[in-house]
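For reference, the structure is listed below as structure tokens.
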Amino acid sequence: AFIVTDNCIRCKYTDCVEVCPVDCFYEGPNFLAINPDECIDCALCEPECPANAIFSEDELPEEQEVFVELNKDLAMIWPNITEKKDALSDATEWDGVEDKLEHLER
Ligand code: SF4
Ligand code: F3S
């Protein structure tokens with residue numbers, strides 16, 4: 001599956017959801033999660049993310065491993081999102097800030 005990682009937190013640009021052919025993105029307050037059981041590994045979402053926050057599980061940087069379980073768990077409890085919406089208002093300030101996990105809202 002593809003995995004949404006740290007740099008999505010507090011940005012949430014949502015460009016990714018528009019291209020997903022199986023609508024497997026789920027939305028929290030400041031992060032999106034991919035349901036790994038629904039993702040068909042088409043790779044369409046990866047280049048769409050302005051924050052470069054989406055990786056194939058096969059190419060996941062080691063320090064982002066925690067996001068494998070997080071995507072799976074959060075996709076189970078958050079609502080589905082299929083249409084792009086405005087990014088969070090301070091997305092550009094948070095884009096590229098490292099280790100935003102402490103800011104993840106559930
Ligand atoms: Fe959706 Fe394809 Fe991205 Fe998986 S890889 S989340 S199926 S767009
Ligand atoms: Fe997040 Fe990138 Fe999608 S910032 S909402 S993974 S476009």
Side-chain angles (χ1 to χ4, degrees):
F2 278 63
I3 310 290
V4 184
T5 65
D6 196 89
N7 204 32
C8 178
I9 297 169
R10 298 195 85 151
C11 291
K12 202 169 75 166
Y13 286 111
T14 72
D15 301 71
C16 52
V17 306
E18 295 243 301
V19 298
C20 182
V22 294
D23 294 343
C24 65
F25 282 89
Y26 294 80
E27 184 186 19
N30 64 6
F31 183 70
L32 294 194
I34 291 171
N35 182 332
D37 297 327
E38 295 173 340
C39 174
I40 58 170
D41 290 320
C42 72
L44 289 175
C45 57
E46 185 178 8
E48 294 302 318
C49 175
N52 295 316
I54 304 178
F55 291 85
S56 163
E57 194 169 350
D58 302 333
E59 296 172 356
L60 192 65
E62 203 174 328
E63 71 276 9
Q64 304 291 327
E65 285 289 340
V66 62
F67 285 92
V68 175
E69 283 299 308
L70 270 176
N71 275 250
K72 192 180 175 69
D73 293 347
L74 296 172
M76 301 289 285
I77 57 173
W78 283 346
N80 194 232
I81 173 172
T82 59
E83 285 178 17
K84 179 173 165 54
K85 56 164 73 172
D86 289 342
L88 295 177
S89 57
D90 49 359
T92 49
E93 282 99 279
W94 284 97
D95 189 354
V97 175
E98 285 180 23
D99 298 331
K100 294 187 273 184
L101 191 51
E102 62 179 306
H103 300 287
L104 178 66
E105 293 172 34
R106 310 233 173 179

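Read the numbers this way: they start at 1 and go in the same order the structure lists the ligands and their atoms. Just so you know, residue 1 is the first one in the sequence shown, and it goes up from there.
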Would you find a donor on one side and an acceptor on the other, under 3.5 Å apart, between the side chain of [X] and the backbone of [Y]?
X     : Y      : result
Asn30 : Glu105 : yes
Asp95 : Ala91  : no
Asn35 : Cys24  : no

### Message
Would you say atom 2 (Fe) of ligand 2 has Cys49 as a near neighbour, meaning an N/O/S atom of that residue under 2.8 Å away?
### Response
yes
Can you tell me which residue and heavy atom of the protein come closest to [atom], and the distance to 0.1 Å?
atom                    : value
atom 1 (Fe) of ligand 2 : Cys8 SG, 2.3 Å
atom 4 (S) of ligand 2  : Tyr13 N, 3.5 Å
atom 1 (Fe) of ligand 1 : Cys20 SG, 2.3 Å
atom 3 (Fe) of ligand 2 : Cys16 SG, 2.3 Å

Which ligand 2 atoms does [X] reach within 4.0 Å, using its non-hydrogen atoms?
X     : result
Asp15 : 7 (S)
Pro50 : 7 (S)
Thr14 : 3 (Fe), 5 (S), 7 (S)
Leu32 : 5 (S)

### Message
Please classify the Ile54 to ligand 2 contact at 4.0 Å (heavy-atom distances, strictly less than): side chain, backbone, both or neither.
### Response
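It is the side chain that touches ligand 2; the backbone stays farther off.
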#### Entry: Under 2.8 Å: N/O/S of Cys39 next to atom 2 (Fe) of ligand 1
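Checking Cys39: none of its N, O or S atoms is under 2.8 Å.
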## Note on the structure
Going by the 4.0 angstrom heavy-atom rule, the piece of Ile40 near ligand 1 is both
### Query
Under 4.0 Å from ligand 1, counting heavy atoms only, is it the side chain of Ala43, its backbone, both or neither?
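It is the backbone that gets close, since no side chain atom is under 4.0 Å.
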### Query
Does ligand 2 have any atom that is closer than 4.0 Å to a heavy atom of Lys12?
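Lys12 counts as a contact of ligand 2 under the 4.0 Å cut-off.
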